[in-house]
Amino acid sequence: MKKFYLSTPLYYVNSSPHIGHAYTNIAGDVQARFHRLLGDEVFFLTGTDEHGQKIKRAAEEQNLSPQDFVDKTSDNFKILWQTLNVRTDDFIRTTEPRHKKVVQKVIKDLYEKKDVYESVYEGFYCVPCESFWTETQAADNKCPDCKRDVEFIKEKNYFFKLSKYQDWLISHIEKNKDFIKPTERYNEVLSFLKGNKLNDLCISRPKERLEWGIEFAFDPDYVTYVWFDALLNYISAAGCFSDKAKFERLWPADFHFIGKDILRQHAIYWPIMLKALELPPPKCVFAHGWWLVEKDSGSEKMSKSKGNVVSPLDIVEEFGKDCFRFFLLREVPFGLDGKFSYKAMIQRVNSDLANDLGNLVFRSLNMVEKYFMGRIPEAGKEMPAEYKKVIDELPEKYLKSMKDINFYLSLENIWELVRIANKSVEEKKPWSLAKEKKIKELENFIYFLMESLRIISIYLYPFIPETCQKIYNQLGLDKPLDKADFQKEIEWGSLPSGLATKKGEPLFPRIET
RNA sequence: CGCGGGGUGGAGCAGUCAGGUAGCUCGCAAGGCUCAUAACCUUGAGGUCGUCCGUUCAAAUCGGACCCCCGCAACCA
């Protein structure tokens with residue numbers, strides 16, 4: 001059994017989850033379910049990032065202690081993953097002891113190794129924002145965030161020797177074309193590394209200014225910079241320093257799903273941190289695009305201002321979890337930016353899910369009831385010619401696009417089969433066969449129509465698991481799809497005859513506008 | 001000349017590496033069918049493939065120049 005370790009980023013809990021968070025975890029869940037289908041031993045990790053000054057401030061605004069605040073906000077994420085049917089194997093919080101121990105030990109080890117050292121930080125500091133800025137950022141001595149004056153400060157801090165490993169990282173990236181995906185991001189990182197000299201990373205914050213963080217084991221006046229803390233979750237959750245067998249089994253991670261905004265941390269800081277620890281880097285960091293939100297209310301578009309953020313929970317309530325999952329992955333080629341609008345969502349759900357898939361399932365089951373009293377008829381011998389091409393080609397196309405994380409294309413590939421099935425009904429005219437009493441021919445046709453529904457459900461299962469399970473159940477199969485074996489399940493003709501079908505309500509009611 | 005990505009019918013994309021009638025999904029229009037969620041199927045309209053120049057029998061595809069859009073440019077999760 002092959003292991004497959006994939007992760008999402010740890011989400012910063014100073015605000016509520018938005019559509020972008022949902023996107024990353026849904027993509028991860030699709031990937032995880034796909035690998036489980038293939039029989040891999042999957043470890044799918046998500047969690048929350050809970051330290052830093054922004055958290056402290058947000059907690060103060062609500063009159064809560066930072067710990068009470070993060071306990072509450074972290075739950076918002078847990079609830080969302082349940083709502084979206086995102087099934088992870090672990091949920092790590094950076095405030096947990098299992099994580100803190102790892103961070104402290106890493107810093108201590110690196111300090112002893114001299115990859116972490118003391119120095120003096122010089123730069124611009126905005127007091128009200130509690131933020132550092134570089135000279136270029138703080139042009140005219142103004143904070144780019146709040147536009148107030150910044151002051152020049154000097155203070156002792158701890159630094160991590162990024163610079164020492166720059167050449168190693170360049171050669172690692174050049175030798176591993178799959179390390180950063182998609183290609184645009186690969187080029188972006190590589191050209192950046194070649195064209196710029198890395199500065200060492202300041203990984204400490206003096207406690208006098210910020211106390212909500214993981215304390216340095218050997219210097220209680222300092223806490224850890226949040227990114228240095230957060231990235232280490234990928235090894236602390238995998239059992240680093242605590243469960244040797246688990247860690248050796250899981251590490252290196254196979255896949256880090258991230259948004260393109262945190263590429264640098266994952267493609268530069270993180271592999272270098274691991275290198276310094278003498279651990280292998282993750283096999284792949286995949287940076288996807290963003291969702292730009294425009295809301296359609298009636299005929300006019302609302303501008304995207306702060307109060308107009310689309311909540312994933314609201315969308316799920318309105319459309320259902322599978323519609324939302326499907327939309328996010330079908331609408332936009334994975335990796336590129338997309339635009340979210342209710343109009344696009346409704347159109348997508350109506351045309352692909354209600355009209356094509358939902359109606360296909362409904363009309364097919366209806367014919368089984370009408371012509372065969374709700375029993376799957378006897379199988380014919382040969383696969384009908386119209387299915388042959390798409391059924392023969394689908395496994396290879398699907399496996400390739402799934403492995404390339406080209407979800408948009410995978411769905412496109414599956415829909416070829418959906419369209420063939422719909423088309424075959426028009427061409428065979430089962431209602432005519434029934435009238436003409438061509439029973440053998442009708443049985444044969446209906447059997448393969450049902451079989452195509454079953455096959456579609458397996459391919460589609462990682463994307464819309466709940467619906468696919470429903471289709472299986474409606475066909476009279478009670479097998480749980482989350483335990484299915486892909487290679488076995490996609491075998492054409494394995495649907496037993498005689499099953500009692502259970503037609504339900506349409507899977508996706510058309511949304512009237 | 002900082003680095004990178006991109007400009008293809010109304011929208012979103014494929015095709016560019018290996019030049020040879022411009023393809024897919026949605027939307028739109030007409031027709032067909034009735035098992036079905038006014039769903040499904042067929043056909044059609046719609047493109048000087050960012051601009052200009054060059055190579056070639058032939059360029060979305062190769063070469064050059066230019067215009068425009070979007071990312072990245074470091075203590076910010």
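Sequence lines set the chain letters: A, B, ... in the order given, protein chains first and strands last, and positions in each chain run from 1. Note that the coordinates shown come from a computational prediction; the quantities given were computed from them, not determined experimentally.
Among the protein residues, A:Asn14 comes within range of no part of the nucleic acid, since none of its heavy atoms lies under 4.0 Å from any strand. In this structure, A:Leu263 reaches neither bases nor backbone, as no heavy-atom distance under 4.0 Å exists between it and the strands shown. Residue contacts shown for A:Leu409 are absent, as no nucleic acid heavy atom lies under 4.0 Å away. Looking at heavy-atom distances under 4.0 Å, A:Asn199 makes contact with a base. Within 4.0 Å of A:Ala230, counting heavy atoms only, lies no atom of the nucleic acid at all. The residue A:Glu412 sits close only to the backbone: its heavy atoms come under 4.0 Å of sugar-phosphate atoms, none of a base.
Annotation: B:rA22 and B:rA38 have their C1' atoms spaced 34 Å apart (nearest Å). B:rU42 sits 50 Å from B:rC3 when the P atoms are compared, rounded to a whole Å. Distance check on atom P: B:rA60 versus B:rG27 gives 30 Å, rounded to whole Å. For the P atoms, the distance linking B:rG10 with B:rC67 amounts to 26 Å, nearest Å. B:rG9 and B:rC49: their P atoms are spaced 10 Å apart (whole Å).
Between A:Asn350 and B:rA39 there is no side-chain N or O to OP1 or OP2 distance below 4.0 Å. The side chain of A:Lys503 places no N or O atom within less than 4.0 Å of a non-bridging phosphate oxygen (OP1 or OP2) of B:rA36. Dashed line: the shortest gap from a side-chain N or O of A:Arg510 to OP1 or OP2 of B:rA39 is under 4.0 Å.
Applying a 4.0 Å cut-off to non-hydrogen atoms, none of the residues of residues 396-406 of chain A approaches RNA chain B.
Closest to the side chain of A:Asp356, from the set B:rA74, B:rA77, B:rC26, is B:rC26. Comparing atom distances between the A:Lys423 side chain and each of B:rU42, B:rA77, B:rU37 picks out B:rU42 as nearest.
A donor N or O paired with an acceptor N or O is found under 3.5 Å between the base of B:rA77 and the side-chain atoms of A:Asp261. Remark: the A:Asn359 side chain and the B:rA36 base include a donor-acceptor N/O pair separated by less than 3.5 Å.
Here B:rC24 presents its P atom at 19 Å from CG of A:Leu411, a figure rounded to the nearest Å. If you take CD of A:Glu416 and P of B:rC41, they are 14 Å apart, rounded to a whole angstrom. For the pair A:Leu353 CG and B:rU25 P, the computed distance is 17 Å after rounding to whole Å. At whole-Å resolution of the value, CG in A:Leu449 and C1' in B:rA36 are 11 Å apart. What separates CD1 of A:Ile346 from C1' of B:rA39 is a distance of 17 Å, to the nearest Å. Note: CG (A:Leu507) to C1' (B:rA39) measures 14 Å, nearest angstrom. Between A:Trp290 atom CH2 and B:rG71 atom P the separation is 8 Å, expressed in whole Å. Following rounding to the nearest Å, A:Ile180 (CD1) and B:rC72 (C1') show an atom-to-atom distance of 13 Å.
Comparing A:Gln347 and A:Val226 along RNA chain B, the residue whose closest nucleotide (by nearest heavy atom) sits nearer the 5' end is A:Gln347. With the nearest nucleotide of RNA chain B identified for both A:Arg348 and A:Leu360, A:Arg348 has the one nearer the 5' end.
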Identify each atom pair where a protein N or O and an N or O of nucleotides 29-35 of chain B are less than 3.5 Å apart, giving names and distance.
unit_1, atom_1, unit_2, atom_2, d
B:rC35, O3', A:Asn366, ND2, 3.2
B:rC35, O2', A:Asn366, ND2, 2.8
B:rC35, O2, A:Arg363, NE, 3.1
B:rC35, N3, A:Arg363, NE, 3.3
B:rC35, N3, A:Arg363, NH2, 2.6
B:rC35, N4, A:Arg363, NH2, 2.9
B:rC35, N4, A:Glu426, OE2, 3.3

Dump every N/O contact between nucleotides 1-8 of chain B and the protein below 3.5 Å, one line per pair.
unit_1, atom_1, unit_2, atom_2, d
B:rC3, O2', A:Ser191, OG, 2.4

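Side-chain contact annotation: A:Asp219 with A:Tyr111, donor-acceptor N/O pair under 3.5 Å absent.
The residues A:Glu466 and A:Lys321 are annotated as salt-bridged, a charged nitrogen and a carboxylate oxygen being separated by less than 4.0 angstrom. Ion pairing between A:Glu451 and A:Arg454 holds under the 4.0 Å rule for side-chain N and carboxylate O. Ion pairing of A:Glu443 with A:Lys440 is present here, as a side-chain N (NZ or NE/NH1/NH2) and a carboxylate O approach within less than 4.0 Å. Salt bridge present: A:Glu188 and A:Arg185 bring a charged side-chain N and a carboxylate O closer than 4.0 Å.
The minimum heavy-atom distance between A:His51 and A:Val226, with the atom names listed, is O-CG1, 3.1 Å. Taking both residues in full, the closest heavy atoms of A:Glu155 and A:Asn157 are given as OE2-ND2, 3.0 Å, listed atom of the first, atom of the second, then distance. Minimum heavy-atom separation, A:Phe69 to A:Leu64: CA-CD1, 4.0 Å.
Under the ring-ring contact (aromatic ring centres under 6.0 Å, His included) criterion, no residue pair touches residues 349-373 of chain A, with sequence neighbours excluded.
Taking the six-membered ring for Trp and the full ring otherwise, the centers of A:Phe407 and A:His288 sit at least 6.0 Å from each other. Between A:Trp81 and A:Phe91, the ring center distance fails the sub-6.0 Å criterion. For A:Tyr269 and A:Phe160, the distance between ring centers is not under 6.0 angstrom. In this structure, A:Phe216 has its ring center under 6.0 Å from that of A:Tyr158. You'll find the ring centres of A:Trp415 and A:Phe326 inside the 6.0 Å limit.
Taking the ring centre of A:Tyr408 as origin, the terminal cationic atom of A:Arg330 falls inside the region bounded by 6.0 Å and 45° from the ring axis.
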Could you tabulate the donor-acceptor pairs under 3.5 Å formed by side-chain atoms of residues 193-201 of chain A, not counting sequence neighbours?
unit_1, atom_1, unit_2, atom_2, d
A:Lys194, NZ, A:Glu174, OE2, 2.7
A:Asn196, ND2, A:Phe192, O, 2.9
A:Asp200, OD1, A:Leu162, N, 3.2
A:Asp200, OD1, A:Ser163, N, 3.0
A:Asp200, OD1, A:Ser163, OG, 2.7
A:Asp200, OD2, A:Tyr117, OH, 2.5

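Base pairing in RNA chain B gives the following stems of 3 or more Watson-Crick or G-U pairs, range against range and under 3.5 Å: B:2-7 with B:67-72, B:10-13 with B:23-26, B:28-32 with B:40-44, B:50-54 with B:62-66.
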